[in-house]
Every structure is written in structure tokens, then in C-alpha cells.
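Just below is one structure, and these are the notes that go with it.
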There are 2 protein chains.
Amino acid sequence: MERTIRQPLVMVDTALFTIRNERLCLILARRQEPPFEGVLALPGGFVHVEEDADTAMAARRVIRRKIGFDAPYLEQLFTFSGAARDPRGWSVSITYYALIPSALLDQSQVAEALPAEALPPLPFDHPQIVARAIERLRSKATYSSLPAFLLPAAFTMNELHRIYEQTIGARLDKASFRHKILEQGIIEPLSEQFRVGAHRPAQLYRLTSKALTPFERKI
Amino acid sequence: MERTIRQPLVMVDTALFTIRNERLCLILARRQEPPFEGVLALPGGFVHVEEDADTAMAARRVIRRKIGFDAPYLEQLFTFSGAARDPRGWSVSITYYALIPSALLDQSQVAEALPAEALPPLPFDHPQIVARAIERLRSKATYSSLPAFLLPAAFTMNELHRIYEQTIGARLDKASFRHKILEQGIIEPLSEQFRVGAHRPAQLYRLTSKALTPFERKI
DNA sequence: CTAGTTAATTGTAAATTTCAAATAACATTT
DNA sequence: AAATGTTATTTGAAATTTACAATTAACTAG
């Protein structure tokens with residue numbers, strides 16, 4: 001037992017995705033205390049003793065403090081650890097990523113979100129965390145309903161289409177996309193509800209129970 | 001800082017998959033010390049201070065102690081934590097899963113491997129870890145070369161086919177399977193090398209660099 | 001009532017997947 | 001040497017899915 005870790009810091013860090021101007025963005029927080037006081041970083045914090053069921057509790061607390069409510073989609077990402085990642089000592093960071101529809105955020109929060117592909121230099125090992133989060137998001141987007149969690153409860157087919165293109169980072173055929181999504185049954189039309197404008201009204205849809213559930217809960 | 005965790009136990013636990021009698025099995029270890037002394041459990045141990053880069057170091061150490069060499073495929077699975085999961089106190093377990101070709105193991109190790117679907121009652125939250133590991137393996141098997149890491153360096157198309165069926169848990173069409181796998185370019189024939197027997201010789205293949213790399217390393 | 005804009009459908013070609021069956025290449029037995 | 005058994009590998013046609021291009025639909029604004 002003598003070579004085991006004594007007093008590691010146990011923390012959570014979160015990558016909070018949202019969409020601004022049709023681009024995939026991250027919500028950062030300015031650090032209130034050293035180290036790296038005043039620097040933009042991923043929102044995070046220490047795990048509390050009473051958060052004894054799961055570190056997702058701590059992640060939710062961190063996210064609520066930042067945006068004021070629970071993210072519609074939250075998933076554990078990866079655990080980083082070691083003596084080098086934090087100057088305060090041997091630490092374990094259990095990281096999470098969350099998807100947050102910009103419609104739920106304050107205007108000011110949305111305005112502060114920064115494009116995932118053009119972030120400022122981040123402290124600690126946060127760049128690695130971001131890289132992994134983007135990788136996971138892209139990967140899951142190709143075979144699940146994940147990107148839909150970046151949209152509000154009701155959305156049009158084209159909005160969904162654009163979100164998928166944005167998160168996957170590639171063009172997707174409109175007709176095929178519509179076909180496949182409807183085929184999978186992960187969304188359903190809201191009867192008689194349309195988004196209106198200077199054009200043909202667009203059918204509104206919502207996620208069904210076949211869509212991926214938050215927290216990767218299965219059944 | 002007063003509500004943060006003081007002296008958490010930081011450990012790794014591993015789910016070690018192998019194939020015995022064409023069935024997906026796990027290699028368990030009998031616990032040498034309390035709690036649950038003498039009980040079969042997932043191989044695990046405390047993280048050491050000098051394992052300061054990444055807990056994968058600790059996972060590799062645990063695996064080497066159990067089987068004597070490094071697993072060809074190792075990936076971080078999930079991090080479990082809390083006050084309830086271990087009677088010794090608040091703990092963090094960073095879990096890993098590994099794929100180990102039975103050809104590399106001692107006969108006795110293979111004989112002791114137990115079918116993943118019929119394990120004895122496991123201590124701690126090890127049943128949850130196993131469930132997640134199987135889920136991850138099945139999921140990745142559907143879109144990657146993962147199951148190939150359960151086979152030795154050279155294998156026939158049918159061996160690969162059976163491994164995929166076993167890990168996914170469903171029938172796969174032979175012709176389509178062969179087509180898709182070769183299409184993806186994740187394996188290549190070993191020229192002039194065949195597995196012989198009382199039947200037509202079977203072409204031997206090996207993984208190419210297009211196959212999934214261990215440790216989820218990209219590029 | 002026409003132009004502009006986005007939504008949604010349609011049709012056809014191309015590609016992929018499925019399914020069933022045939023053929024190939026041995027070792028072993030007769 | 002020929003027949004048999006066994007597994008490997010290929011083939012071909014049907015069914016399904018996907019890609020691509022174009023058309024039609026439904027509104028608002030001027």
C-alpha cells in the first residue's frame with residue numbers, strides 16, 4: 001500500500017457543446033482562482049464527498065452553476081490522471097461532455113461560446129479533453145441521434161440536417177438524410193405544427209423514445 | 001475545499017476478454033486479501049504514484065501480473081466512483097477492458113476463463129463493469145476491427161467471421177462479411193500462407209494499419 | 001400576381017446487401 | 001485411384017439502400 005496514491009485531487013471537467021451561427025461551439029469559464037486565475041478554461045470543479053453515487057452528480061453541479069439548468073445530454077468522456085496535469089499535485093479528472101441547445105441559453109452565454117475549431121490556448125490538459133470530446137461527438141453522430149440534443153425540443157428536418165452536417169463535418173444528401181432519419185424512427189412529426197416564414201412552412205419534429213437517451217442509460 | 005474528497009482510493013479494474021470454445025469469456029482473479037478475500041473478481045489494483053502519466057500504466061501492470069504480457073488491445077472503459085462501491089471508503093475505479101488472443105495464454109489460464117454470459121456473483125460493482133465492457137465491445141464490433149484483436153496475428157476469414165458473430169451475438173452473412181471486411185482494407189492476405197486440414201486450405205490474413213489501433217490512438 | 005425562398009417529393013441510376021447455390025481444394029476412406 | 005466428407009471461396013440474381021438531380025409545393029413580401 002505504500003506506493004499507492006495518498007491525497008489525489010479528484011475533479012470533474014466538462015466540455016459543453018452548443019451551436020452558434022450554425023457552428024459547433026464550446027462554453028468556457030474564466031477561472032476564478034489559481035492556478036491560471038483569469039484564464040478561459042473548461043468548466044470544472046472538485047468532487048464533493050456527498051456526491052457519493054457517481055461523479056455525474058458533480059458534473060451536473062458544475063454545469064448548473066455555469067448555465068443555470070441541467071444539460072439535456074450528458075455523458076462521461078474519459079478520465080485523465082497523473083502528477084503532471086495539474087501543478088497542485090497528483091490528480092484525477094473525470095471528464096464529461098454535454099450538449100446544450102442554444103435556445104435554452106441566455107443570449108450572453110451564447111455570445112461567449114467559442115468555435116470548437118478555434119479555441120484560445122487552454123490550461124492544464126484541457127486541449128486533450130476538447131480533442132477527445134469532439135472526436136466522440138463526431139463518432140457518435142454518424143450512428144445515433146446525438147446531434148439532435150443540440151436542438152430545442154421542436155425542430156425542422158432542415159435544422160436537424162444542418163446540425164448533423166456541422167457535427168460530422170461533412171455534406172449529407174438531403175433526401176437520403178430525411179429518408180434514413182425517418183426510417184430509424186428517432187423523430188416524429190408534431191401534428192399540425194410548422195415553422196413559418198417567407199417560404200413553405202416546415203414540419204416540426206420531436207425526438208421519440210427510440211432516440212439515444214441521456215446519460216447513456218439503456219432501458 | 002472543505003467538502004472535497006480527502007483520501008480517496010484510486011484503483012484500476014480490468015475486464016479481460018478472451019475466446020474459449022468459440023465463446024466470449026472473461027479472465028477473473030481470486031482475491032488475495034480482504035475485502036472479499038478468496039472470491040473471484042475482476043483483476044485490479046491500486047494506482048501507484050510513479051504511474052504518473054496515465055492510469056493505463058497501472059492497468060498494464062495489473063494485466064501483466066495476471067497473464068504475463070501486455071494485452072494486444074487495451075482501452076479505458078468508464079470510471080466508477082463513490083462511497084458505496086468499496087467498503088474501505090470513498091473510491092475511484094478507472095476501469096479498462098482488454099482483448100487477449102487465447103493462443104497467447106497458458107492452457108491453464110484459458111481453462112479458467114469463464115463465459116461472459118454466465119459469470120459467478122462478483123464483488124463490488126464488478127457486475128456493472130462487466131455489463132459496460134460487454135456493451136462497449138458489442139457496440140464497437142459493429143463498426144470496427146475490434147474483434148480481430150481476440151485472434152492471433154494470423155487468422156482465416158472464417159475464424160474472423162466466427163469471432164464477429166460471437167462478440168456481436170448475431171448471425172452474419174458469410175459472403176457479405178467477407179466482402180465488407182476486404183472492402184474496408186483492415187486485413188490483408190498473407191501471401192502463400194494457408195491453414196491446412198481435411199478440407200480446402202484457408203487463406204491466412206493479418207491486420208493492416210487501417211485496423212483499429214490499440215489504446216484508441218488515432219494516427 | 002410575380003418573384004424569392006425554403007420545404008418536400010419524385011425518379012432514376014448506382015451501389016450495396018442478402019440469400020441461395022455452386023464450385024474449389026484438400027484429407028481421408030473405400 | 002475413386003468416392004466421400006469437410007470447409008473455403010466464389011458466383012449470380014433479387015432485394016434493398018443510397019446518391020444525385022430535378023421537380024413540385026407553399027408560403028411571404030413587394
Side-chain angles (χ1 to χ4, degrees), chain A residues 19 21-22 103 141-145 147-148 151-208 210, chain B residues 19 21-22 103 141-145 147-148 151-208 210:
Chain A
I19 296 282
N21 298 337
E22 313 229 321
T142 63
Y143 64 89
S144 79
S145 54
L151 291 173
F155 49 84
T156 70
M157 187 62 79
N158 279 352
E159 287 165 354
L160 187 65
H161 181 235
R162 278 194 294 270
I163 286 280
Y164 267 82
E165 287 192 332
Q166 181 58 216
T167 53
I168 292 176
R171 289 277 161 75
L172 300 172
D173 180 67
K174 264 189 172 187
S176 305
F177 178 79
R178 171 183 297 269
H179 211 238
K180 271 187 276 188
I181 288 284
L182 291 175
E183 178 74 14
Q184 290 173 52
I186 61 181
I187 68 172
E188 63 188 4
L190 289 162
S191 57
E192 310 294 318
Q193 289 195 256
F194 298 88
R195 177 140 308 158
V196 296
H199 51 75
R200 174 173 175 174
Q203 175 70 58
L204 286 173
Y205 294 87
R206 68 171 172 199
L207 288 175
T208 68
K210 283 192 184 178
Chain B
I19 296 282
N21 297 336
E22 312 230 320
T142 64
Y143 63 88
S144 79
S145 54
L151 291 173
F155 48 85
T156 70
M157 186 63 79
N158 280 352
E159 287 165 354
L160 187 64
H161 181 234
R162 277 194 294 269
I163 286 280
Y164 266 83
E165 286 191 332
Q166 182 59 216
T167 54
I168 292 176
R171 290 275 161 75
L172 300 171
D173 180 70
K174 264 190 174 186
S176 307
F177 177 79
R178 171 183 297 268
H179 211 239
K180 273 187 275 189
I181 289 284
L182 291 176
E183 178 75 12
Q184 290 173 54
I186 60 182
I187 67 172
E188 63 187 6
L190 289 162
S191 57
E192 308 296 318
Q193 289 196 254
F194 297 88
R195 176 139 310 158
V196 296
H199 51 74
R200 175 174 174 173
Q203 174 71 58
L204 285 173
Y205 294 87
R206 67 171 172 199
L207 288 175
T208 69
K210 284 193 183 177

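So that the names make sense, note that chain A is the first sequence line, chain B the second, and so on, each numbered from 1. Heavy atoms only: backbone and side chains are in, while hydrogens, waters and symmetry mates are out. Just so we're clear, the structure is a prediction, and the values are computed from it rather than from any experiment.
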Exercise for review: Kindly point out which of D:dC20, D:dT11, D:dT9 is positioned nearest to the side chain of B:Ala175?
Suggested key: D:dT11

Practice item. Using atom CD1 of A:Ile181 as one end and atom C1' of C:dA8 as the other, report the distance to the nearest whole Å. Key: 16 Å

Review point. Please give, in whole Å, the distance from C:dT16 P to B:Phe177 CZ?
Key: 18 Å

Exercise for review: Give the rounded distance in Å between these two atoms: NE2 of A:His179 and P of C:dT12.
Suggested key: 16 Å

Check your understanding: Where the side chain of A:Gln203 meets the backbone of A:Thr156, is there a donor-acceptor pair that is under 3.5 Å apart?
Key -> no

Check your understanding: With a cut-off of 6.0 Å (strictly less than), are more than 12 heavy atoms of other residues, nucleotides or ligands near NE2 of A:His199?
Key -> yes

**Study point:** Pairs flagged by salt bridge (charged side-chain N to carboxylate O under 4.0 Å, His left out) wherever residues 175-190 of chain B is involved - sequence neighbours left out
**Key:** B:Glu188-B:Arg206

Review point. Does B:Arg162 have any salt bridge (charged side-chain N to carboxylate O under 4.0 Å, His left out) partners at least two apart in sequence or in another chain, and if so, which?
Key: B:Glu22

Review point. Between B:Leu204 and B:Ala154, which heavy-atom pair has the shortest distance, and what is it?
Key: CD2-C, 4.3 Å

Review point. Are any non-hydrogen side-chain atoms of B:Tyr205 and B:Leu151 less than 4.5 angstrom apart?
Key: no

Review point. Expressed in angstrom and rounded to an integer, what is the separation of A:Lys180 atom NZ from C:dT17 atom P?
Key: 12 Å

**Study point:** Spacing between B:Arg195 atom CZ and D:dT9 atom P, to the nearest angstrom
**Key:** 11 Å

Practice item. Calculate the interatomic distance between A:Arg178 atom CZ and D:dT17 atom P; express it in whole Å. Key: 18 Å

Study note, to complete from the structure: Contact string for nucleotides 25-30 of chain C, one letter per nucleotide 5' to 3', B = base within protein heavy-atom range under 4.0 Å, S = sugar-phosphate only, - = neither, reads BBS---

Practice item. List in chain and number order the residues that pass salt bridge (charged side-chain N to carboxylate O under 4.0 Å, His left out) with B:Arg195, two or more places apart in sequence or in another chain; answer none if no residue qualifies. Key: B:Glu159

Check your understanding: Rounded to whole angstrom units, what separation is found between the CZ atom of B:Arg171 and the C1' atom of C:dC19?
Key -> 14 Å

Exercise for review: List in numerical order all residues of residues 161-169 of chain A for which some heavy atom is under 4.0 Å away from an atom belonging to DNA chain D.
Suggested key: none

Exercise for review: Enumerate the residue pairs fulfilling ring pair (Phe, Tyr, Trp, His ring centres under 6.0 Å) with a member in residues 154-176 of chain B, sequence neighbours excluded, ordered by first and then second residue.
Suggested key: B:His161-B:Phe177, B:Tyr164-B:Phe177

Review point. To the nearest Å, how far apart are B:Lys174 NZ and C:dA20 C1'?
Key: 13 Å

Check your understanding: How do B:Asp173 and A:Tyr205 order along DNA chain C: which one's closest nucleotide is nearer the 5' end?
Key -> A:Tyr205

Exercise for review: Any chance you could measure A:Ile181, atom CD1, to A:Leu172, atom CG, to the nearest 0.5 Å?
Suggested key: 9.0 Å

